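Since the model is a prediction, treat every value here as computed from it, not as a measurement. We number each residue from 1, following the sequence as shown.
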Amino acid sequence: LPVLPLLLALSAPLVQDWTPPPPPPTVPSVAMAQPRFSPFVLPDGLRVVTQVAELEPLAGVLAELLSARLGREVVLGAPPARSGDVVLTLGYTADEVGEGPEALSIEVFEDHVALSGRTPDGVARAAARMLQLLTPTPAEDPAGAPSWALPAVRLDDAPRFTWRAVRVVGDLELASTQRLLDLLFLGSFNALVLEGVSGVGEGWQARQQALVKGLAVDAKARGISVVVDRSSQPMPFARADEGASLR
């Protein structure tokens, strides 16, 4: 009995019925997703590594956010990358998502994850999506800490709108604005508009100016621009068509 025809006959129904799983849910939604074989279980000695000097501030931000999410220390590691790392790099993204500066790619391998973009802003978008994909797995010991994993997938995307901003009106406070930056980062916003207010006293103005300068540095590491608007005219905001996902 010929073996090959028999195998093809047995496998045909499986091939016909199989459809790729939908992309993992993220905000914004993902343009392209390709399933992989094995998830990446984040190890205890997780590191964030990059060989690109421009990406070092972002790598530090990602290490801090991962530490907060996982409840354990995630360090900024020195290159070269090794098994178990989160690797940030500039380079390849899929042609199908276009050539925009914020095009991103996330590749989840069994032993590491690679975040890539055409620019540092694109890598920041990839890092934000990766944080959304983290999935806790209950520990075998009820008293133990859960393990965390990333789904076995490759994601490619690019934002649909070039201007994605939030406007803040009023005095700035360090704690609240830094928290806002993290929320904007996770939501793939790329601009924070600060509407100036008329304060009194040189001391007030100096404090606000210093805070804005510090905020701009922290925002840049997250791929976010800080715009100070002292006019009374509203800023233009892009809106998605009804029913479309905002990217």
Worksheet, complete the sentence: To the nearest 0.5 Å, atom CD1 of I224 lies from atom OG of S188 at 9.5 Å

Worksheet item: Below 4.5 Å, heavy atoms only, C-beta onward: do R222 and D182 meet side chain to side chain?
Response: yes

Worksheet item: What distance separates D157 CG from I106 CD1, expressed to the nearest 0.5 Å?
Response: 9.0 Å

Discussion item. Is it true that, when you exclude R179 itself, more than 12 heavy atoms of the residues, nucleotides or ligands shown sit nearer than 6.0 Å to its CZ?
Written reply: no

Worksheet entry | Chi angles and distances behind the side chain to side chain contact (heavy atoms under 4.5 Å, CB included) call for V228, V212 | CA-CA 9 Å; V228 178; V212 169; 3.9 Å; yes

Discussion item. Test of understanding: with side chain to side chain contact (heavy atoms under 4.5 Å, CB included), list the residues that count as partners of T89, not counting sequence neighbours.
Written reply: S116

Worksheet entry | Interatomic distance, F161 atom CZ to E102 atom CD [nearest 0.5 angstrom] | 13.0 Å

N/O donor to acceptor pairs below 3.5 angstrom from side-chain atoms of residues 107-114, sequence neighbours left out:
{"residue": "E107", "atom": "OE1", "partner": "R36", "partner atom": "NH2", "Å": "3.1"}
{"residue": "E107", "atom": "OE1", "partner": "R154", "partner atom": "NH1", "Å": "3.4"}

Worksheet item: Does any pair with a residue in residues 39-56 pass side chain to side chain donor-acceptor pair (under 3.5 Å), and if so which ones, sequence neighbours excluded?
Response: R47-D85

Discussion item. Checking the side chain of R125 only, and the main-chain atoms of G117 only, is there a donor and an acceptor separated by less than 3.5 Å?
Written reply: no

Discussion item. Taking the side chain as everything from C-beta on, heavy atoms only, tell me whether L88 gets closer than 4.5 Å to V49.
Written reply: no

Discussion item. Run the side chain to side chain contact (heavy atoms under 4.5 Å, CB included) test against A63 and tell me which residues pass, sequence neighbours left out.
Written reply: V48, V74

Worksheet item: Do you reckon V153 sits in the same ILVMFWY cluster as W148, going by side-chain contacts under 4.5 Å, direct or chained?
Response: yes

Item to complete: Might you work through the side chain to side chain contact (heavy atoms under 4.5 Å, CB included) test for L194 and L215, ending with a clear yes or no?
Response: CA-CA 11 Å; L194 304 176; L215 192 64; 4.1 Å; yes

Practice prompt. Report the distance from atom OG of S225 to atom CZ of F189, rounding to the nearest 0.5 Å.
Written response: 14.0 Å

Discussion item. Side-chain heavy atoms nearer than 4.5 Å, only ILVMFWY residues, links allowed to pass through others: does that put M130 and F40 together?
Written reply: yes

Worksheet item: Do L134 and L66 come within less than 4.5 Å of each other through their side chains, counting heavy atoms only?
Response: yes

Worksheet item: Can you hop from L90 to L58 via hydrophobic side chains spaced under 4.5 Å?
Response: yes

Worksheet entry | Spacing of S147 atom OG and L42 atom CG [to the nearest 0.5 Å] | 9.0 Å

Practice prompt. List the steps and the verdict of side chain to side chain contact (heavy atoms under 4.5 Å, CB included) for L104 and L115.
Written response: CA-CA 8 Å; L104 64 97; L115 308 179; over 6 Å; no

Practice prompt. Look at E99 together with R118 and state whether they make a salt bridge at an N to O cut-off of under 4.0 Å.
Written response: no

Discussion item. For P101, give me all partners under side chain to side chain contact (heavy atoms under 4.5 Å, CB included), at least two apart in sequence or on another chain.
Written reply: T119

Practice prompt. Give, for atom CG of N190 and atom CG of L184, the distance between the pair rounded to the nearest 0.5 Å.
Written response: 9.5 Å

Discussion item. For the backbone of L186 and the side chain of Q132, can you confirm whether one donor and one acceptor N or O come within less than 3.5 Å of each other?
Written reply: yes

Worksheet item: With a 4.5 Å limit on heavy-atom distance, are the side chains of P57 and K220 in contact?
Response: no

Item to complete: Please report the C-alpha distance between L155 and L133 in whole Å, then the side-chain angles of each, then the deciding distance to 0.1 Å, and finally whether the side chain to side chain contact (heavy atoms under 4.5 Å, CB included) criterion is met.
Response: CA-CA 11 Å; L155 304 181; L133 295 172; 3.4 Å; yes

Worksheet item: Which atoms form the tightest heavy-atom contact between A124 and F185, and what is the distance?
Response: O-CE1, 3.3 Å

Worksheet item: Do V193 and V168 come within less than 4.5 Å of each other through their side chains, counting heavy atoms only?
Response: no

Worksheet item: Going hydrophobic residue to hydrophobic residue with side-chain gaps under 4.5 angstrom, can you get from V41 over to L46?
Response: no

Worksheet item: Shortest non-hydrogen contact from L131 to R69?
Response: O-NH1, 2.9 Å

Worksheet item: Tell me, do V227 and L192 make a side-chain contact under 4.5 Å, heavy atoms counted?
Response: no

Worksheet, complete the sentence: For E73, the side chain to side chain contact (heavy atoms under 4.5 Å, CB included) test, sequence neighbours excluded, returns V75

